[in-house]
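Okay, so here's the structure we're looking at.
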Amino acid sequence: MQHGEVHITSYRAHGVILVLLLFLTAITITITWVDAGSFSVGVAMLVACVKATLVLFYFMHLKFDALVFKVFAGMVFFLLAVVFVVTFFDYLFR
Amino acid sequence: MEHTANHEHRDDKGSKMGMWIFIFTELLLFGGLFLVYAVSRAKFFEDFHIAAHQLNVFVGAVNTIVLLVSSMTIAMSITAIQKNQKRVALMLLGITLTLAFVFMVNKYFEWGGKIHHQLYPGSDIVLTLKHGQVLFFGLYFFMTGLHAFHIIVGMALIGYVFFQIKNDKIKPDNFQLLENAGLYWHLVDLIWIFLFPLLYLIT
Amino acid sequence: MTSNNSALHPGSYLDQQGKYKGILGWLTSTDHKRIGILYLMCILVFFLVGVTLGGVMKLELLRPGEQYIDAQTYNGFFTVHGIIMIFMVVIPGLAAVFGNFFLPIMIGAKDVAFPRLNLFSWYIYIVGAAIAVLSQFGGKGAPDTGWTFYAPYSIDSNTNVTTAVLAAFVLGFSSILTGLNFIVTIHRMRAKGMTWFKMPLFPWSLYATAWIQVLATPIVGITLLMVIAERTFRIGFFDPSLGGDPILYQHLFWIYSHPAVYIMILPAMGVITEIIPTFCQRKVFGYQAIVLSSLAIAGVGYLVWGHHMFTSGMSDFSRMAFSFLTFIVAIPSAIKVFNWIATMYKGSIKINTTFLYSISFIFQFMIGGLTGLTLGALATNVHVHDTYYVVAHFHYIVFGGMGFAFFAAIHYWFPKMFGRMYNEKLGKIGWAIVFSGFTLLYFPMFILGLQGMPRRYFDYLPEYSGGHFISSIGAFVLITGIIIMVYNLFRSAKKGELAPANPWDGRTLEWTIPSPPPLENFDNEVVVTEHPYDYK
Amino acid sequence: MFQGASNFAKGVDSAFFFIFAISIFFLVGLTIVMIWFMVHYNRKRHPKAEQIKDNMKLEVTWTVIPLIIVMLMFYYGYAVFKPMRQVPDDAMVVKVTGRMWNWSFEYANGKISNELVLPVGKAVKLNLFSPDVIHSLYIPAFRIKEDMVPGKDNYMWFIPNIEGTYEILCAEYCGLRHSFMEAKTRIVTEEEFQKWFAEETPIVPEDKGLAILQNNACTSCHSLDGSKLVGPTFKGLFGSERLVMENGVEKTVTADSTYIKRAILEPDKEIVKGFAPGMMRAYDKVITEDDIKAIVAYFESQSKLPN
Ligand code: HEA
Ligand code: HEA
Ligand code: CUA
Ligand SMILES: [Cu+2]
């Protein structure tokens, strides 16, 4: 028993997301081809984050799920980010 | 408290929540690995750069596309079940499984190639390389290996779900199992989305 | 402990249920209460094994020089002692035993969310424990790295480190699944009317604990896998001779293992928060403050791991940041202590064995916690790091805190779990001996530490012999008390007086059902209207 | 605290006493309150509990006051610690090598000693170095400690300010003989130090082989005088018949130069009877061919000496 309306994502919506994802993949590849360096890694990671968000929100239905799931996911990614930052307190200031 | 699930034996939201929490632990599992990657790369910037040249961007890109498409098909199969289109759902899952298989075949040849060229941890050639490059290949095998292990588990899960649909155990009003399998599969995709640029594209 | 009890009242969970009889009935039961008892038995056994190792270590340290065991054996002993105590006793301890048994009852549910997964976690625990036991024998001898498995020694050591690391990995997996189960149970299975802020505080503390279990354990999991990979393939993650970074290992290890100390202490705090209102007949003071402090400990506790690495050569900025965060995390613990004591104010206090253990918990936790502050301050940490001061600190908190809370919990819930009362007089005698033995054993260690006695020392300089001698005597006083306590409990489980449903006049839901509880806990659906701890 | 003999001792001790005093205040205060409640509100004396409402103001008070206190503690600890990382420019530099399981101290003029001799009242910087696993240099009397991490340069500094001899201990677990990894530091007057510093060091033996054995800490496991430490003694080794286990098979070999080389490079291949495998690590990347030649030459020279 699902609570409230069950959200049905249309086939088309899935298709659109896939096209977006493929497009972003193409961007990453070209960017890193054109200009190697720390800049392109930053962009590649940024694009990867966008892609991940798309997968989370649409393929994994997070957008249409109850609030708790969004809060949980937000919390986990925040935690992961903070752990990275705090670890790099060591490596950046040596 | 808005909802008590006790009066019925099934609690779809609870089961989904369990799956999500499991996914979080998986994310942190890989998170630790990414942390090691990040620190090592900061330390061996040049070496990583050079070693990454040994990886084939084309194979990586193909595998990315394969996984993205398979992610879409499994997401679509949920739509199909919701719309009570059993055969479409089965077909979509079949495609997902095939794509997963393609991914593994690709991986097999990729790893095979590396091992053939003696680019595996502990081989004579790798031991002559610079530390940073050895580490890169170590991370490459460790990360993609752990990822491939998740693919295999995912395939088993999807295969099981496939038969559950076939035997009408999963129905338009009872598809949480399918959704959970889907969530797991998307996790595999999610991790690859980061692995691909980090391992293949930093040349 | 379980026979003879069917006479108590028909339909209790201790009776034969389901397909199988006898031991098989226990090993296949998905009933959360039976699983709790299974954990209790295993943990008791491992506790006694660990404690025996500790005793032998103290015997060896009685005098300087080699007494009974050689250095390699000693190094193996404290490693195994640490692994058993941390991974097999205190981390699963309260959560898996009392959490399993009482969490569903206290929130008015029939079972946990995933009963089969629950049983599965226990089996994983057993497999992990079996691997740990295996690592002691055969191969190249017991692991000798300390429970922290610091690289590069853990990579170089030729002993069975891989097996021990694998055991810790498997045990971690069991811990994750338990945590997952509890989170979903608490979210989805609370009784009608039990809003979040009407939930008792032991479930609350388990909720905070469960999140740490779920989000911290995987990090140590992957780290341990990397150690195994490093030992097998020589990759160079952590091995400096291959360009790896040993300090990175320490970061990863403590990212888990600091939060892990809160996995140990949070449920203990939860237990104490249940016991004090009951024996004071008083509403708990500062319910919301206690809830929030649990969550704060879980949250901030995640970010202080670096205080184990102040002298490791970490950047100076990190040292400062971690010291700062360490002090922040002390505040929620202080809040809890203040609220417990305030709960006793104008109460009607009944002093029995349970309550005495709880009071000694608070006392010892304060000592352990306050000495944690000297460890958290940079200047003083440099002096006392890796000395017996640290050993004293964590035994005070882990044993004096979590261990005593465990003893308090087992006395408190004993009537409910086994349907019989324990012997009060013997209980009090046991407590007095345990408490004095404990103090005698661990207090001198603070002084030894300040004098500069490093830990993990098989042998020591003569100037430290006084402290070690007293401390070794204490170990044997302590074990006498523990034996009396365990004897009392075993005997009472068979021969004690029959227990009423609510012997202590508690207010939480477990006291509303018969002792021992029936199979499905509640006959009817539970509807909660009042706050827990509503004494009128 | 206990005897303090460096410029940091006072600061560390006062930081400790600051935290300690506050801790004692809370510990004793709260314990007394607790016991008083137990007596005063005992059920016999106070059979009916009074219900008391939560008090927001109180909660805030006992959050904020401890917060302020711990911030003071943090600051105190940090303020005392900070100078420990700021080495004065005129500090004398000594390179310390900690290995399994002994210490050596190398001075600017190349003098190597296994005792740390320092002039009183002068700043020293110790550069910490480890070739094998993590050790930690700890001088309790000076209140200082820092890990020696292989592959990473760590340092510490201090000013010894009381003459005397103090213990140096290893505070990070480093394997079998961790607890025996001690040395002494001798703090002497400036003149004495200069004299010691200039004099030809007797510690570095004239024999190259012996020097290698000592510098690689072989002698912490192998005695030269016939006593049994972790490994078999080197006394009378050369040319003798050795009973060894190879793959579980017992056999006798003569301790010639090839045997000794194997024993150093692959110690786990042939295990001397009565000893455990895995104790001695393989020195294949540490000890060079030439070193081995020197070691063998030393063994050979020893075996020729009349006993
Ligand atoms: C249950 C386990 C547990 C808990 C809860 C804690 C709690 C704390 N610990 Fe401890 N710790 C360990 C288990 C635990 N620890 C273990 C096992 C080790 C050693 C690991 C190893 O190396 O093997 C260790 C080591 C350890 C170190 C590293 C020492 C070293 O190796 O150099 C440090 C350093 O900061 C530290 C600090 C603290 C602090 C500040 C707290 C705080 O959370 C304490 C908070 C509590 C209080 C402050 C007391 C109650 C409050 C009052 C009485 C009110 C008055 C208070 C104020 C005014 C502030 N601990
Ligand atoms: C829950 C956690 C826990 C508990 C309860 C204990 C309990 C004890 N521990 Fe602890 N200890 C740790 C966790 C714990 N320990 C950890 C994590 C470490 C760090 C390891 C590391 O460095 O890696 C450590 C390290 C440690 C050391 C430091 C070793 C070193 O650095 O060199 C010492 C030294 O004395 C010690 C002693 C003891 C003693 C005497 C007990 C006493 O409580 C034991 C009292 C009991 C006895 C005296 C036993 C006598 C028993 C019998 C005679 C048999 C009776 C049997 C039956 C009835 C069946 N422990
Ligand atoms: Cu060197 Cu301990
Ligand atoms: Cu900690």
Side-chain angles (χ1 to χ4, degrees), chain C residues 71-72 75 140 146 150 152-153 156 158-159 240 246-247 280-283 285-286 289 311-313 316 320 323-324 327 330-331 334-335 337-338 341 344-351 359 362-363 366-367 370 373-374 377-380 382-383 385-386 450-452 454 456-459 461 535, chain D residues 1-2 11-12 15-16 19 23 26-27 30-31 33-34 37-38 41-43 46-52 54 59 62-63 66-67 70 73-74 77-78 80-81 84-85 133-134 136 138 140 143-147 149-152 154 167 169 171-180 278 281:
Chain C
Q72 185 64 25
N75 293 349
K140 302 236 171 90
Y150 267 21
Y153 186 73
D156 287 350
N158 279 307
T159 52
I247 297 183
C280 298
Q281 293 292 298
R282 183 132 133 42
K283 188 168 178 298
F285 192 85
T311 67
S312 67
D316 295 343
M320 185 192 75
S323 172
F324 179 81
F327 279 105
I331 297 301
I335 294 175
V337 172
F338 294 135
I341 294 179
M344 292 160 69
Y345 177 60
K346 295 206 174 164
S348 167
I349 301 176
K350 181 183 162 84
I351 299 177
I359 291 297
I362 299 181
F363 179 69
M366 281 198 292
I367 298 185
L370 291 165
L373 299 175
T374 32
L378 284 169
T380 42
V382 171
H383 178 48
H385 167 72
D386 262 350
L450 288 174
Q451 279 175 317
R456 298 176 176 172
Y457 261 31
F458 160 70
D459 193 7
L461 299 166
Y535 290 90
Chain D
M1 246 183 278
F2 303 91
V12 170
F16 182 84
I19 300 174
S23 300
F26 275 97
L27 177 67
L30 292 171
T31 309
V33 171
M34 210 156 67
F37 283 172
M38 274 165 71
Y41 300 119
N42 196 300
R43 192 158 298 173
H46 196 251
K48 183 98 187 77
E50 283 166 55
Q51 301 304 323
I52 292 171
D54 288 2
E59 299 284 355
W62 65 43
T63 308
L67 191 63
V70 293
M73 292 177 179
F74 160 71
Y78 177 63
V80 174
F81 172 76
M84 290 189 191
R85 306 303 299 161
V133 300
I134 304 180
S136 188
Y138 178 31
R143 312 282 187 268
I144 49 162
K145 180 184 290 128
E146 184 81 12
D147 290 4
V149 182
K152 185 175 183 310
N154 278 354
E167 303 290 345
L169 302 167
E172 183 63 61
Y173 177 68
C174 54
L176 187 59
R177 289 178 69 79
H178 162 61
S179 57
F180 299 98
R281 73 187 180 109

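On a predicted model such as this, the values are computed, not experimentally measured, just so you know. Reminder, nothing fancy here: chain letters follow the sequence lines and each chain counts from 1.
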Under 4.5 Å from a heavy atom of chain C, the part of D:Lys48 involved: both
Please look at C:Tyr150 and chain D and tell me whether the side chain, the backbone, both or neither of the residue comes under 4.5 angstrom of a heavy atom of that chain. side chain
Of the listed D:Arg177, D:Glu167, D:Lys152, D:Arg85, the one with the largest count of heavy-atom pairs under 4.5 Å with chain C is D:Arg85
Which answer fits D:Glu146, side chain, backbone, both or neither, if we ask what part of it has an atom under 4.5 Å from a heavy atom of chain C? both
C:Asp459 versus chain D, heavy atoms under 4.5 Å apart: side chain, backbone, both or neither? both
Between the side chain of D:Glu50 and the main-chain N/O of C:Arg282, is any donor-acceptor distance below 3.5 Å? no
So which atom in C:Pro152 and which in D:Ile134 form the shortest heavy-atom distance, rounded to 0.1 Å? CD-CG1, 3.8 Å
Could you look at D:Asn154 and say if it's the side chain, the backbone, both or neither that has a heavy atom under 4.5 Å from chain C? side chain
Side chain, backbone, both or neither: which part of C:Ile359 has a heavy atom under 4.5 Å from chain D? both
Check each atom of D:Met84 against the heavy atoms of chain C and say whether the ones under 4.5 Å are side chain, backbone, both or neither. side chain
How long is the straight-line distance from OG1 of C:Thr311 back to OH of D:Tyr138, given to the nearest 0.5 Å? 10.5 Å
With a 4.5 angstrom heavy-atom cut-off, could you sort out which part of C:Ile331 is near chain D: side chain, backbone, both or neither? side chain
Between C:Ser348 (side chain only) and D:Arg43 (backbone N and O only), is there a donor and an acceptor less than 3.5 Å apart? no
For D:Phe37, which atoms come within 4.5 Å of any heavy atom of chain C: side chain, backbone, both, or neither? both
Side chain to side chain contact (heavy atoms under 4.5 Å, CB included) between D:His46 and C:Ile349: does it pass, once the steps are laid out? CA-CA 8 Å; D:His46 196 251; C:Ile349 301 176; over 6 Å; no
So which residue, D:Pro47, D:Gly151, D:Ala15, ends up with the most heavy-atom pairs under 4.5 Å with chain C? D:Pro47
Point-to-point distance, once rounded to the nearest 0.5 Å, from CZ of C:Phe338 to CH2 of D:Trp62: 8.0 Å
Measure across D:Gln51 and C:Lys283 and return the closest heavy-atom pair with its distance rounded to 0.1 Å. OE1-N, 2.9 Å
Of all heavy-atom pairs between C:Pro240 and D:Pro150, which one has the smallest distance, and what is that distance? CB-O, 3.3 Å
Could you go through the side chain to side chain contact (heavy atoms under 4.5 Å, CB included) check for C:Val382 and D:Val12 one step at a time? CA-CA 9 Å; C:Val382 171; D:Val12 170; over 6 Å; no
Rounded to the nearest 0.5 Å, what separates atom CE in C:Met366 from atom CE in D:Met34? 5.0 Å
With respect to chain D, which residue among C:Tyr153, C:Tyr457, C:Phe458 yields the maximal number of heavy-atom pairs within a distance under 4.5 Å? C:Tyr457
How long is the gap from CZ on D:Phe81 to OG1 on C:Thr380, to the nearest 0.5 Å? 11.0 Å
Counting only heavy atoms closer than 4.5 Å, note whether D:Glu172 contacts chain C via side chain, backbone, both or neither. both
Heavy-atom pairs under 4.5 Å with chain D, option from C:Ala330, C:Ser312, C:Ala289 with the top count: C:Ser312
Is it the side chain or the backbone of C:Leu373 that comes within 4.5 Å of chain D heavy atoms, both, or neither? both
Which class fits the ring pair D:Tyr41 and C:Tyr345: parallel under 30°, tilted 30 to 60°, perpendicular over 60°? perpendicular
Looking at D:Leu169 and C:Gly452, what are the two nearest heavy atoms and their distance? CD1-O, 3.5 Å
Given D:Val33, D:Val80, D:Asn42, the one with more heavy-atom pairs under 4.5 angstrom with chain C than any other is D:Asn42
Do other residues, nucleotides or ligands put more than 12 heavy atoms under 6.0 Å from the CZ atom of C:Phe324? no
Starting at CZ of C:Phe363, measure out to CG of D:Leu27 and round the result to the nearest 0.5 Å. 5.0 Å
Return the minimal non-hydrogen interatomic distance between D:Tyr173 and C:Gly146, and the atom names on each side. CE2-N, 4.5 Å
Shorter than 4.5 Å, heavy atoms on both sides: which option in C:Pro454, C:Ala71, C:Ala379, C:Cys280 has the most such pairs with chain D? C:Ala379
Please give me the minimum heavy-atom distance between C:Gln451 and D:Pro140, naming the atom from each residue. O-CB, 3.9 Å
At a heavy-atom distance under 4.5 Å, which candidate from D:Ile19, D:Ile52, D:Thr31, D:Val149 has the highest pair count against chain C? D:Ile52
Under a 4.5 Å heavy-atom cut-off, does chain D meet the side chain of C:Ile247, its backbone, both or neither? side chain
Heavy-atom distances under 4.5 Å only: say whether C:Pro246 touches chain D with side chain, backbone, both or neither. side chain
